[in-house]
Amino acid sequence: MAKSDPQARILAAVRAIPRGEVAGYGEIARRAGLPGRARWVARLLAISEDPALPWHRVLRSDGRIAFPPGSASREEQARRLRAEGVALVDGRVQAARAARTLDAEVWGPR
DNA sequence: GCCATGACTCCGC
DNA sequence: CGCGGAGCCATGG
């Protein structure tokens with residue numbers, strides 16, 4: 001039997017993001033033991049139909065929402081994040097002190 | 001098997 | 001800080 005499908009690990013990593021916090025696609029991939037699969041994470045979220053999946057907590061490495069401005073998805077993601085207390089400015093998370101990537105610590109206490 | 005596509009990332013300018 | 005180019009990886013025609 002397969003030892004945890006990579007897909008299951010990715011979804012688990014996404015579900016593990018605490019409410020009010022965020023993580024990057026690449027970060028999730030790494031947490032799932034799949035470095036370099038950021039695009040796969042994105043595709044997985046796109047095809048996933050689990051309404052309980054906190055996909056809105058996943059952002060790009062620069063702390064911005066991946067969806068293009070004006071898109072309904074982008075608006076919904078921004079809305080959900082704000083509902084959790086995440087400060088956003090022009091689609092970008094302010095709390096993410098990781099200027100380059102949302103590397104680690106995003107989940108830890110500051 | 002090659003080519004195109006994408007909720008990505010890194011790097012140089 | 002914005003842009004363009006290259007690298008990357010899985011999927012589908």
Side-chain angles (χ1 to χ4, degrees):
Chain A
M1 329 182 323
K3 299 175 180 175
S4 301
D5 303 284
Q7 176 174 312
R9 288 203 302 267
I10 291 176
L11 295 177
V14 174
R15 295 193 184 97
I17 306 173
R19 188 174 178 290
E21 294 288 340
V22 295
Y25 292 93
E27 164 90 12
I28 293 297
R30 249 174 309 186
R31 292 253 176 185
L34 301 166
R37 274 65 170 181
R39 294 189 105 137
W40 198 20
V41 173
R43 193 179 68 79
L44 200 51
L45 294 184
I47 64 178
S48 175
E49 292 178 26
D50 181 355
L53 192 69
W55 56 269
H56 56 282
R57 296 177 189 150
V58 186
L59 307 172
R60 295 197 314 213
S61 61
D62 60 358
R64 282 182 177 280
I65 290 177
F67 295 107
S71 64
S73 297
R74 180 198 161 302
E75 292 306 313
E76 187 184 336
Q77 183 165 17
R79 188 163 50 80
R80 290 198 185 196
L81 287 173
R82 283 186 177 136
E84 295 187 351
V86 178
L88 293 174
V89 175
D90 192 35
R92 185 174 65 186
V93 168
Q94 297 301 286
R97 67 224 213 85
R100 290 181 61 259
T101 65
L102 301 186
D103 271 331
E105 304 219 51
V106 181
W107 293 342
R110 347 183 188 215

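By convention in this document, chain letters (A, B, ...) are assigned in the order of the sequence lines, proteins followed by strands, and residues within each chain are numbered from 1. Just so it is clear, the structure is predicted and the values come from calculations on it, not from any experiment.
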Practice task
Measure from CG on A:D90 to P on C:dC1 and round the result to the nearest Å.
Solution key: 11 Å
Practice task
Measure from CD1 on A:I10 to C1' on B:dA7 and round the result to the nearest Å.
Solution key: 13 Å
Handout entry: Heavy-atom donor-acceptor pair, A:D62 side chain to A:R64 backbone, under 3.5 Å
Key = yes
Exercise for the section: Starting from P on B:dA7, measure out to CZ on A:R74 and report it in whole angstrom. Expected result: 15 Å
Exercise for the section: Using atom types as modelled and distance alone, determine if a side-chain donor or acceptor of A:R74 lies under 3.5 Å from a backbone N or O of A:A72. Expected result: no
Completion exercise
When rounded to whole Å, the CD to C1' distance for the pair A:E75 and B:dA7 reads 15 Å
Exercise for the section: Write down the distance separating the C1' atoms in B:dA7 and C:dG13, rounded off to the nearest Å. Expected result: 22 Å
Completion exercise
Regarding the side chain of A:R64, the nearest nucleotide among B:dC10, C:dG2, B:dA7 is C:dG2
Problem - Nearest-angstrom distance from the residue atom CZ of A:R92 to P of C:dG2 - result: 8 Å
Handout entry: Intermediate values then yes/no, side chain to side chain contact (heavy atoms under 4.5 Å, CB included), A:I17 and A:I28
Key = CA-CA 9 Å; A:I17 306 173; A:I28 293 297; 3.8 Å; yes
Practice task
Rounded off to whole Å, could you give me the CD1-to-P distance for the A:I28 and B:dA7 pair?
Solution key: 18 Å
Practice task
Round to the nearest Å and state the distance from A:I47 atom CD1 to B:dT5 atom C1'.
Solution key: 15 Å
Practice task
Rounded to the nearest angstrom, tell me the gap between atom CZ in A:R30 and atom C1' in B:dT9.
Solution key: 10 Å
Practice task
Among residues two or more places apart or on two chains, list those pairs meeting side chain to side chain donor-acceptor pair (under 3.5 Å) that have a residue in residues 78-92 of chain A.
Solution key: A:H56-A:E84, A:R57-A:E84, A:E76-A:R80
Practice task
Could you tell me whether the side chain of A:Q77 and the main chain of A:V58 form a donor-acceptor pair under 3.5 Å?
Solution key: yes
Exercise for the section: Identify, with sequence neighbours excluded, every residue that meets salt bridge (Lys or Arg N to Asp or Glu O under 4.0 Å) alongside A:R43. Expected result: none
Exercise for the section: Identify, residue by residue, the members of residues 37-44 of chain A with a heavy atom below 4.0 Å from DNA chain B, and return them in order of residue number, or none. Expected result: A:A38, A:R39, A:A42
